[in-house]
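Heads up, the thing below is written out as structure tokens.
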Protein chains: 2
Amino acid sequence: MMITPKVAVDVIIFTVRNEALQVLFVQLKPPLHTEMWAFPGGLVPSGESTEEAATRCLFETTGVKDVYLEQLYTFSNPHRDPHGHVVSVAYVALVNRTRINLRVPGKCANIGWLSVATPPPLAYDHADMLQYAIQRLRWKLEYTNIVYSLLPRDFTLTELQRVYEIILGRPLDKRNFRKKMLSLGMLQVTPRAVKVGAHRPARLYRFRRRMPMIIEVL
Amino acid sequence: MMITPKVAVDVIIFTVRNEALQVLFVQLKPPLHTEMWAFPGGLVPSGESTEEAATRCLFETTGVKDVYLEQLYTFSNPHRDPHGHVVSVAYVALVNRTRINLRVPGKCANIGWLSVATPPPLAYDHADMLQYAIQRLRWKLEYTNIVYSLLPRDFTLTELQRVYEIILGRPLDKRNFRKKMLSLGMLQVTPRAVKVGAHRPARLYRFRRRMPMIIEVL
DNA sequence: TCAAAAGTGTTGCATTTACACCCATGA
DNA sequence: TCATGGGTGTAAATGCAACACTTTTGA
């Protein structure tokens, strides 16, 4: 019987919070990489699919299920983990921060959201993973509806636009943005509006279908 | 120590041959799945990256290196292989058939090119892999230059167009195709032309850079 | 001179970009 | 009445799709 590498998953959990794109990191307990941060993850037991393992990891740290979760890439450099050859299947999840109840997994010393703009020192090859994940997120934002998973059920168009601007890192034209979003037909107007502050109340919208789809197909 | 699944690679090797998109399949030796076909692949030994394993598999069956090779997806269903839990990292390779010297790997009974239009019964979850690979190939053909890996160094625009038509499965307009290709600036005219048959000779072109790149960036 | 593939431009349509003012509200 | 964010339309430019004839060659 040939000896093959071990299999792990890492889950890159994005949210938009405090006007920034943030990622959930855990801090490992000594003696492993203390002072470094890493994505939630771990070895995959035989009999469990990597999707299941990623879903489980996501649930154990945030308490949420049923959010957008996508396989990103498989990282397999034999030296990526100094303790032995571990092939890691990376996943990306998008969560709405208001639904989160963070919990520190048993094997971790700490957990928290950190902005991708100023990432901390990362363990293993997690810096590569993060770069790739951000790139993929920006790319898919443009031609899918996955942003639904970052927002509450009801939201204003300005909130939606802010999420796009924060992730893409550039300002968008308000009129063109609204025209485009509404023309895609994936949003539904709700009868309600929000009144906050001394100005005109904003209409609330929601996604017709809160599931991933490619925009041309809508 | 936790027991994790074994790690394998499968390589989906595409070529364009006989006016069809074809894939390289091997037939397993008895007692395993005889009568079924599968992609070249196998377990990844500890210490080898999956890229290396895929490159090696490609070389062992076709004798080529330095062609387009891309990670496709990781398949991890615990039941995908009835003999035990094997996570397979699938790769896609694109080769130019004229450069190929097929060899039957020791553990296989047979090897050959088969058209994707009429795929044979496939072992494991290889039918799923194939569908996904075709989809990805079509998609990437539209916004990258990866087609370079399917053609000889020098080719005519008609040959290039045929490759696109065969993979996409629909006819393309000759004038629009040429306009588009030439405007992207990724082709170089060569001084030579080919004369075959009783008609005007065709100019030969080649790719400026025979390496994968996204078309907007060119 | 004929057959066969190579090669070449223009027009309409759809999509994207740029851009500035009025509206509704609470303080 | 003023400050604040919500909401709206038009014109130019760009990109894409449709479409037919002339050129060069060898037989």
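Lettering of chains follows the sequences in order, A, B, ..., and the numbering in each one begins at 1. Because only heavy atoms are used, hydrogens play no part in the values below, and waters and symmetry mates are left out as well, while side chains stay in. A quick note: this is a predicted structure, and the numbers were derived from the prediction, not measured.
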Got a list of protein N/O to nucleotides 1-5 of chain D N/O distances below 3.5 Å?
residue	atom	partner	partner atom	Å
D:dT4	O2	A:Ala198	O	2.8

### Query
Any salt bridge (Lys or Arg N to Asp or Glu O under 4.0 Å) pairs touching residues 124-149 of chain B, not counting sequence neighbours?
B:Glu70-B:Arg136, B:Glu70-B:Lys140, B:Arg80-B:Asp125, B:Glu142-B:Arg170

Could you pull out every donor-acceptor pair under 3.5 Å between side chains of residues 104-123 of chain A and any protein atom, sequence neighbours left out?
residue	atom	partner	partner atom	Å
A:Lys107	NZ	A:Gly41	O	2.7
A:Asn110	ND2	A:Gln27	OE1	3.3
A:Ser115	OG	A:Gln22	NE2	3.2

### Nucleotide interval of DNA chain C bounded by contacts with chain B (heavy-atom cut-off, under 4.0 Å)
C:dA3 to C:dT10

### Task
For each nucleotide in nucleotides 12-18 of chain D, reading 5' to 3', give B when a protein heavy atom comes within less than 4.0 Å of its base, S when such contact involves only the sugar-phosphate, and - otherwise.
-----BB

### Summary
Comparing A:Ala202 with B:Lys195, nearest DNA chain D nucleotide closer to 5' gives the residue A:Ala202

### Summary
Shortest non-hydrogen pair, A:Val16 vs A:Leu150, comes out as N-CD2, 4.3 Å

Counting only pairs under 3.5 Å, give me each side-chain donor-acceptor contact of residues 204-213 of chain B, with atom names and distances, residues two or more places apart or in other chains.
residue	atom	partner	partner atom	Å
B:Arg206	NE	B:Asp154	OD1	2.9
B:Arg206	NH2	B:Asp154	OD1	3.2
B:Arg206	NH2	B:Asp154	OD2	3.2
B:Arg208	NE	B:Gly185	O	2.9
B:Arg208	NH2	B:Leu187	O	3.4

### Task
Mind running salt bridge (Lys or Arg N to Asp or Glu O under 4.0 Å) on A:Glu60 and A:Arg56 for me, showing each step along the way?
CA-CA 6 Å; A:Glu60 286 169 1; A:Arg56 182 171 50 72; 3.5 Å; yes

#### Entry: Sidechain N-carboxylate O distance under 4.0 Å for A:Arg162, A:Glu165
yes

### Task
Whole angstrom is fine here: how far is it from CZ in A:Arg178 over to C1' in D:dG9?
14 Å

### Message
Expressed as a whole number of angstroms, how long is the span from A:Gln161:CD to D:dT8:P?
### Response
13 Å

### Message
Between B:Ile134 and B:Val23, is there a side-chain heavy-atom distance shorter than 4.5 Å?
### Response
no

#### Entry: Within 6.0 angstrom of B:Asp173 CG, more than 12 heavy atoms from elsewhere
yes

### Message
Classify the ring geometry of B:Phe25 against B:Phe39: parallel below 30°, tilted from 30° to 60°, perpendicular beyond 60°.
### Response
parallel

### Message
Out of the candidates B:Val7, B:Thr74, B:Val86, only one should pair with A:Val7 under the side chain to side chain contact (heavy atoms under 4.5 Å, CB included) rule; please name it.
### Response
B:Val7

